[in-house]
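Down below is the structure, laid out as structure tokens.
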Amino acid sequence: MLEMEEENPNIMFKVRSYKTASDVIRNLSSGIDEIYEDNGLKGLMQIPSIGKAIASKIEEYLMTGKIKYLEELKSKISINVDEFYDLEGIGPKTIKIIYDNLGVKDLSNLEKAASEGKLRNIRGFSEKKEEMILNKIRLLKKGRGRYLLGEVYPLVKQIETRLLNFEGVKNAVAAGSFRRMKETIGDIDFVVASNESKKIMDYFISMPEISEILGRGTSKSFVRLNNGIDADLLVIPEDSFGSALQYFTGSKEHGVAMRKVALGKGFHLNEWGIFDENQKKVAGSTEEGVYHMLDLEWIPPEIRENNGEIELAKNGGKRLSRLIQYNDLKGDLQVHSNSTDGTMSIEDMALAAKETFGLEYIAITDHTKSLKLTNGLDDSQLLDQANKISELNDRIKQGRFDTKPRLSTRSGLESQKARDEKEKKTKMSDNKHFKILSAAEVNIMNDGSLDIPNNVLDKLDIVGAAIHSSFSLPIEVQTDRLLKAMENPSIDIIFHPTGRRINKREGYPVNIEKLLENAKKTSTLLEIDAHYDRLDLKDEYVKMAVQKDVKLVIDSDAHHPIHFAFLTFGIGQARRGWAKKSDILNTLPLEELLSSIKR
DNA sequence: GCCGTTTTCGGCCCGACTGTTTTCAGTCG
């Protein structure tokens, strides 16, 4: 609204201040209301980027639920600003001009005016622009939201590989939120190093996956893929590849902060490199070089959110390099078989885990009896399964593990570990070290009790518990349910602790602080479920857990052999939450893991 | 509206692409 209202050329800076302040508030580790309760207006003003004016507006909002300044702006503007916010390519100035000329206040009237051909008569507009606006409205209505990381992963890897193999390409990386392993992806950004820009651009926009060319220049092109996702391509000379990768990986906030750091050191940072006062290029060919030139440790993409990572990188303690690595997992503690809702036998799952993903152990965690939909196991079925697993383990020890069904995986879904393992496959010919753990995914009832008695659970190697029903209970009840399950000495892990499904459902309400406290107190592990539509715990909660030294595990929740590939997403999530190898217990060899769990 | 080892005024991250107002404003990432 400010951008629409003011002629003042400095208004952009005011707008920026509000945006920065809102980002800062969103990223606070404690609530803005708590800060105000504890330290009042002074406390608010101590938050960076919040000064006197914004602090008192926050105070006003906390006390009255309203901000007078905002209400005044709203009454003055009378344009339904929120409706236009997601309309791509049309900003506040354009909306204001249309309003001034035609009195258009909302989206439906804009659509009407455009289809009636009224926009083209406005000075600075044209038939072409009118068409563009109609197009954007149509797209907005279609609701192109964000895509799940796991949904786009194979396709992105496929395009990345294709670019890498194209003649004249020195390097190609899918950057953006994809490289940062965000749980959802808005669009895909490819960065290519090459001196033959035009040739690469021509190739890119002619790829079969592309449905529409949205824009094209000498170094950047924008397209829409067949499945509706937008993709950008940046082609850049080899000696600028590092700075371009840094720039295109984001986040935007991280990039802005980095350019400020550069200015503070008398440099100038853009996607072409770092430049000194004489416009001489001093870094840019590698990403490491860019960070090092600013006296920073290289920052892993997953934590580039301007959320404290730059400060940490400054102090030179090699702390960032201690994040869990993509080949650190030794086992998977949530795996399903066709005894319940899985699709393959225990043997098949074990083989895939071992041969394709290089794991040393898995836990078979089929559902239990109260989960009727999945045909959950009862007490005796669980014990039978444990016996069967024990026999399987004996066969493995004797080297009689059946290695016949070699499973092929989609290339994009293979983990780094899998690639490493394949290279030394010959060494893996003895199967004697793999172990299958008897386990269960026990159902937590409404009162926090379990549907399997402890004397049965204690015969299993490891037990996880999870909530699968009554999501609408109030937060206190839901939290107590989990706390009680954690206090049960037979429960080692809480699976997918908040029950969310990204873009599908919110999950049940949980007091996460209490949950973490109790996990610490009872030595119960919390899971990062790596299935790409769960990624539960989410990054923010992982960070809280790490701060409180609550131990975590990363599980695939595999229902099919190919699902072990999901572990990559879980590790990405853990890294986004600043988790170190030592925070994730299934990075331990089996014996150490078993001696670390609570039973 | 925020901020300060160039400090209480005068700056504020930066470049590419688009359309069209042929030199730049608007928008985006």
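Values reported hereafter were calculated over all heavy atoms of this structure, with side chains retained and with hydrogens, waters and symmetry mates removed. Nothing here was measured: the structure is a model prediction, and the numbers come from that model. Residue numbers start from 1 in every chain, and the chains themselves are labelled A, B, ... in the order their sequence lines are given, proteins ahead of strands.
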Inset, instruction - Any chance you could list the contact pattern along nucleotides 4-10 of chain B? Use B for base contacts, S for sugar-phosphate-only contacts and - for none, protein heavy atoms under 4.0 Å, 5' to 3'. - result: -------

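- Between A:Lys129 and A:Tyr18, the residue anchored nearer the 5' end of DNA chain B, judged by the nucleotide with its closest heavy atom, is A:Tyr18.
- There is a side-chain donor-acceptor pair under 3.5 Å between A:Lys281 and A:Ser240.
- Contact annotation: A:Thr20 does not reach the phosphate of B:dC2 (side-chain N/O to OP1 or OP2, under 4.0 Å).
- With respect to the salt-bridge test (charged N to carboxylate O, under 4.0 angstrom), the residues A:Asp533 and A:Arg501 qualify.
- Between the side chains of A:Tyr99 and A:Ser78, at least one donor N or O lies within less than 3.5 Å of an accepting N or O.
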Heteroatom pairs (N/O) under 3.5 angstrom, protein to nucleotides 16-18 of chain B:
{"residue": "B:dA16", "atom": "OP1", "partner": "A:Trp272", "partner atom": "NE1", "Å": "3.1"}
{"residue": "B:dC17", "atom": "OP1", "partner": "A:Thr218", "partner atom": "N", "Å": "3.1"}
{"residue": "B:dC17", "atom": "OP1", "partner": "A:Ser219", "partner atom": "N", "Å": "3.2"}
{"residue": "B:dC17", "atom": "OP1", "partner": "A:Lys220", "partner atom": "N", "Å": "3.0"}
{"residue": "B:dT18", "atom": "OP1", "partner": "A:Arg216", "partner atom": "N", "Å": "2.8"}
{"residue": "B:dT18", "atom": "OP1", "partner": "A:Arg216", "partner atom": "O", "Å": "3.4"}
{"residue": "B:dT18", "atom": "OP2", "partner": "A:Arg216", "partner atom": "O", "Å": "3.2"}

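- A salt bridge is absent between A:Arg224 and A:Glu209; no separation between the charged side-chain nitrogens and carboxylate oxygens falls under 4.0 Å.
- Every residue two or more places apart in sequence or in another chain was checked for a ring-ring contact (aromatic ring centres under 6.0 Å, His included) with A:Tyr247, and none qualifies.
- A salt bridge links A:Lys198 with A:Asp202: at least one charged nitrogen is closer than 4.0 Å to a carboxylate oxygen.
- Between A:Lys19 atom NZ and B:dG29 atom P there is a gap of 11 Å when expressed in whole angstrom units.
- Here A:Phe569 and A:Tyr153 bring their ring centres to under 6.0 angstrom of each other.
- Contacts of A:Lys57 with the nucleic acid, taken as non-hydrogen atoms under 4.0 Å apart, involve only primed sugar atoms and P, OP1 or OP2.
- Following rounding to the nearest Å, A:Gln279 (CD) and B:dC14 (P) show an atom-to-atom distance of 11 Å.
- To the nearest whole angstrom, the two P atoms, one in B:dT5 and one in B:dC12, are 16 Å apart.
- Residues satisfying the ring-ring contact (aromatic ring centres under 6.0 Å, His included) test with A:Tyr532, not counting sequence neighbours, are A:Phe566.
- In this structure, A:Ile122 atom CD1 and B:dG19 atom P are separated by 17 Å, rounded to whole Å.
- Across the P atoms, B:dC28 and B:dT23 are found 26 Å apart, a figure rounded to whole Å.
- Distance, A:Lys93 NZ to B:dT21 P: 19 Å, rounded to whole Å.
- In this structure, A:His268 and A:Ile54 both approach DNA chain B, and ranking their closest nucleotides by distance from the 5' end singles out A:Ile54.
- Only the P atoms considered, B:dT7 is 25 Å distant from B:dG1, to the nearest whole Å.
- A straight line from CD1 of A:Ile133 to P of B:dG26 spans 14 Å, rounded to a whole angstrom.
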Inset, instruction - List the steps and the verdict of salt bridge (charged side-chain N to carboxylate O under 4.0 Å, His left out) for A:Arg534 and A:Asp557. - result: CA-CA 10 Å; A:Arg534 289 190 182 272; A:Asp557 200 353; 3.6 Å; yes

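- Look at A:Arg304 and A:Glu287 and you find a salt bridge, because one of the NZ, NE, NH1 or NH2 atoms lies within 4.0 Å of a carboxylate O, short of that distance.
- More than 90° away from 0 lies the glycosidic angle of B:dT22, which makes this nucleotide anti.
- For DNA chain B, the residues of residues 40-49 of chain A within the heavy-atom distance limit of 4.0 Å (strictly under) are A:Pro48, A:Ser49, sorted by number.
- Proximity note for A:Asn270 (side chain, C-beta onward) versus B:dT27, B:dC14, B:dG1: the nearest is B:dC14.
- Taking the C1' atom of each, B:dC2 and B:dT8 are spaced 12 Å apart, rounded to whole Å.
- Comparing the P positions of B:dG11 and B:dA16 gives an interatomic distance of 24 Å, to the nearest angstrom.
- Residue contacts shown for A:Gly124 include a base, since a base heavy atom lies under 4.0 Å away.
- Counting only distance, with no hydrogens or angles, the side chain of A:Ser194 and the backbone of A:Val169 share no donor-acceptor pair below 3.5 Å.
- At a threshold of 4.0 angstrom between heavy atoms, the contacts of A:Lys252 include nucleobase atoms, whether or not backbone atoms are also involved.
- Rounded to whole Å, atom P of B:dA25 lies 17 Å from atom NZ of A:Lys96.
- With hydrogens and angles left out, the side-chain atoms of A:His254 and A:Glu305 include no donor and acceptor closer than 3.5 Å.
- Remark: B:dT8 base-pairs with no nucleotide; criterion is Watson-Crick or G-U wobble with both hydrogen-bond distances under 3.5 Å.
- In this entry the distance linking OH of A:Tyr69 with P of B:dG1 reads 5 Å, nearest Å.
- A:Tyr203 is linked by a ring-ring contact (aromatic ring centres under 6.0 Å, His included) to A:Phe166, counting only residues two or more places apart in sequence or in another chain.
- Distance, A:Ile97 CD1 to B:dT21 C1': 11 Å, rounded to whole Å.
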